[in-house]
Amino acid sequence: MGQAGIMRLATWNVNSVKARLPRLLDWLSGTAPDVVCLQETKCPDGAFPVAEVGALGYTVASHSDGRWNGVAILSRVGLADVTVGFPGEPGFPEPEARAISATCGGLRVWSVYVPNGRAPDDPHYAYKLAWLAALRDALDTELTNPTPLAVCGDFNVAPTDDDVWDPALFVNSTHVTPPERAALAALRDLGLVDVVPTPMKGPHPFTYWDYRAGMFHQNKGMRIDLVYASAPLARAVRSAYVDREARKGKGPSDHAPVVVDADLIPTIESF
DNA sequence: ATGACGCCTAACAGGCGA
């Protein structure tokens, strides 16, 4: 772990683990998280670079459907009770690789990649809302377990207008509509707490910037990568930040990692 | 903004992302 008694948890939409592998390995070495949730791995399970991350001390649980989507959890504090998907998970039409969970060092961790939704009049939008509603029901069940819980990932919803660089441009767009925000509120109504990270630069803790038109350099971003913490975890959170350094330079993901430090003593399960 | 960038693939053009 990063420091004695501190659990370092992170979530990162890497936009292809294969394309991002050199940067991922550098980032793991420099940041030293205990547990990492990845999204958009876009990597068949058999092709996941388990040896490369294993050399840095991480065990891998991944869930993929091939070309699109893909989620994974990396842990160096144990990886037990891995579950792929969740009961009642909607599909389009079949369930996609959008959720994986595991118990890591005494923390229950979910890595989720919420459907994009595309546009409010697109069938993918109804799919997105159905998926979030089913996630809420699955987490309601999960929360009957007293183990501290972190639901991390790319939620593809900006919780408030402060979480988009120009709300006026998002009228009639996905990611900001009242039903999407209500779906996030329903997760918080379960007792989950939005762990808002420190931006490190500027007033908004954005986590995503489009590749095009110099959006990152103008800080025209969105906060859509979230960590939702159960009460026992939320009480233990000491700090959180967006690692915007990881968005810089040549060949970045279009998302930056969110890093959370919590005052939890990792309990090592069997590997 | 019609655009842009970058990922993927029974690829060399089209789907997808947000």
Side-chain angles (χ1 to χ4, degrees), chain A residues 11-24 27 37-49 62-72 91-99 111-132 152-181 183-184 204-226 242 244 246-258:
Chain A
T11 185
W12 192 8
N13 179 324
V14 288
N15 186 15
S16 169
V17 72
K18 182 178 178 184
R20 218 64 57 213
L21 186 59
R23 292 184 70 120
L24 174 63
W27 182 83
C37 297
L38 301 178
Q39 300 85 35
E40 283 204 83
T41 54
K42 298 182 175 178
C43 176
D45 288 328
F48 200 99
S62 69
H63 176 35
S64 171
D65 50 29
R67 178 176 184 178
W68 305 115
N69 314 310
V71 285
F92 199 86
E94 299 303 318
E96 301 172 308
R98 296 186 176 277
S111 177
V112 301
Y113 176 49
V114 176
N116 173 291
R118 298 188 183 176
D121 60 353
D122 191 294
H124 279 85
Y125 179 80
Y127 168 46
K128 178 181 196 174
L129 293 180
W131 198 93
L132 282 165
C152 309
D154 179 354
F155 284 74
N156 271 321
V157 181
T160 75
D161 279 353
D162 278 344
D163 296 315
V164 293
W165 62 274
D166 185 351
L169 293 181
F170 285 84
V171 173
N172 298 323
S173 298
T174 56
H175 296 64
V176 301
T177 65
E180 289 168 279
R181 286 178 170 167
L184 288 190
H204 303 285
F206 296 146
T207 64
Y208 161 85
W209 302 260
D210 197 296
Y211 282 123
R212 294 166 287 190
M215 297 291 271
F216 176 68
H217 301 289
Q218 299 170 70
N219 199 28
K220 294 179 175 176
M222 308 173 76
R223 184 172 78 96
I224 54 176
D225 300 274
L226 309 175
V242 180
R244 66 188 304 283
R247 182 63 178 77
K248 294 181 176 178
K250 185 176 174 56
S253 171
D254 43 1
H255 296 250
V258 175

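Below, read A as the first sequence line, B as the second, and so on, with proteins coming before strands; counting in each chain starts at 1. Everything quoted here is computed from the prediction, not taken from an experiment.
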> Is there side-chain contact between A/P257 and A/T11, with at least one heavy-atom pair below 4.5 Å?
Replying inline: no
> Closest nucleotide of DNA chain B for A/Y211 versus for A/V114: which of these residues is on the 5' side?
Replying inline: A/Y211
>> Under 4.0 Å from OP1 or OP2 of B/dA1: is there any side-chain N or O of A/R212 that close?
In response: no
>> Could you check whether A/H124 and A/F92 have their ring centres less than 6.0 Å apart?
In response: yes
>> Let's see if you can work this out: which of B/dA18, B/dC5, B/dA4 has an atom nearest to the side-chain heavy atoms of A/A213?
In response: B/dA4
> Does some side-chain heavy atom of A/N13 sit less than 4.5 Å from a side-chain heavy atom of A/D225?
Replying inline: yes
> CE of A/M215 versus P of B/dA18: gap in Å, rounded?
Replying inline: 14 Å
>> When the P atoms of B/dA10 and B/dG6 are compared, how many Å lie between them, rounded to an integer?
In response: 23 Å
>> Could you tell me if A/S64 and A/D45 have a donor-acceptor pair between their side chains, going purely by distance under 3.5 Å?
In response: no
>> Applying side-chain contact (heavy atoms from CB on, under 4.5 Å) to A/H204 and A/R223, what does each step give before you reach the verdict?
In response: CA-CA 8 Å; A/H204 303 285; A/R223 184 172 78 96; over 6 Å; no
> In terms of side-chain heavy atoms, does A/E40 have a donor or acceptor partner in A/N15 at a distance below 3.5 Å?
Replying inline: no
> Looking across every strand, which nucleic acid part, if any, lies under 4.0 Å from A/F155 by heavy atom: base, sugar-phosphate, or nothing?
Replying inline: nothing
>> Expressed as a whole number of angstroms, how long is the span from A/E96:CD to B/dC16:C1'?
In response: 12 Å
> Rounded to whole angstroms, how far apart are CG on A/D225 and C1' on B/dA18?
Replying inline: 11 Å
> For the side chain of A/N116 and the base of B/dA18, is some donor closer than 3.5 Å to an acceptor across the two?
Replying inline: yes
>> Can you measure A/N13 atom CG to B/dC8 atom C1' for me and round it to whole angstrom units?
In response: 14 Å
> Using 4.0 Å as the upper bound for N to carboxylate O, is an ion pair formed by A/R181 and A/D161?
Replying inline: yes
> Is there a side-chain contact between A/Y208 and A/D154, using heavy atoms and a 4.5 Å cut-off?
Replying inline: no
> Atom CG of A/N156 and atom P of B/dC16: how far apart are they, to the nearest Å?
Replying inline: 15 Å
> Does atom CG of A/D166 have more than 12 heavy-atom neighbours from other groups under 6.0 Å away?
Replying inline: yes
> Do A/F216 and A/F206 touch side chain to side chain, with heavy atoms closer than 4.5 Å?
Replying inline: no
>> Could you tell me if the side chain of A/H255 sits less than 4.5 Å from the side chain of A/I224, heavy atoms only?
In response: yes
> Between B/dC8 atom C1' and A/N69 atom CG, what is the distance in whole Å?
Replying inline: 12 Å
> A/Y208 has an atom OH; how far is it from atom P of B/dG6, in whole Å?
Replying inline: 12 Å
> Is A/Y113 near enough to B/dA18 that one of its side-chain N or O atoms lies under 4.0 angstrom from OP1 or OP2?
Replying inline: yes
>> Please report the distance separating the C1' of B/dC12 from the corresponding atom of B/dG3, rounded so that it comes out in whole Å.
In response: 23 Å
Could you go through nucleotides 9-15 of chain B and list every protein N or O atom that sits under 3.5 Å from one of its N or O atoms, giving the distance for each pair?
residue	atom	partner	partner atom	Å
B/dG14	N2	A/R67	NH2	2.4

> With a 4.0 Å cut-off on heavy atoms, is A/H124 in touch with a base, just the backbone sugar-phosphate, or nothing at all?
Replying inline: nothing
> What's the CZ-C1' distance between A/R247 and B/dA18, to the nearest Å?
Replying inline: 13 Å
> If you measure from the P atom in B/dG15 to the same atom in B/dA4, how many Å do you get, rounded?
Replying inline: 15 Å
> Do any of residues 158-179 of chain A sit with a heavy atom less than 4.0 Å from DNA chain B, and if so which?
Replying inline: A/H175
> Expressed as a whole number of Å, how far does the C1' atom of B/dC5 sit from that of B/dA1?
Replying inline: 16 Å
>> Over all strands shown, is A/D122 touching base, sugar-phosphate only, or nothing at heavy-atom distances under 4.0 angstrom?
In response: nothing
>> Taking only the P atom of each, what is the distance from B/dC7 to B/dA18 in whole angstrom?
In response: 14 Å
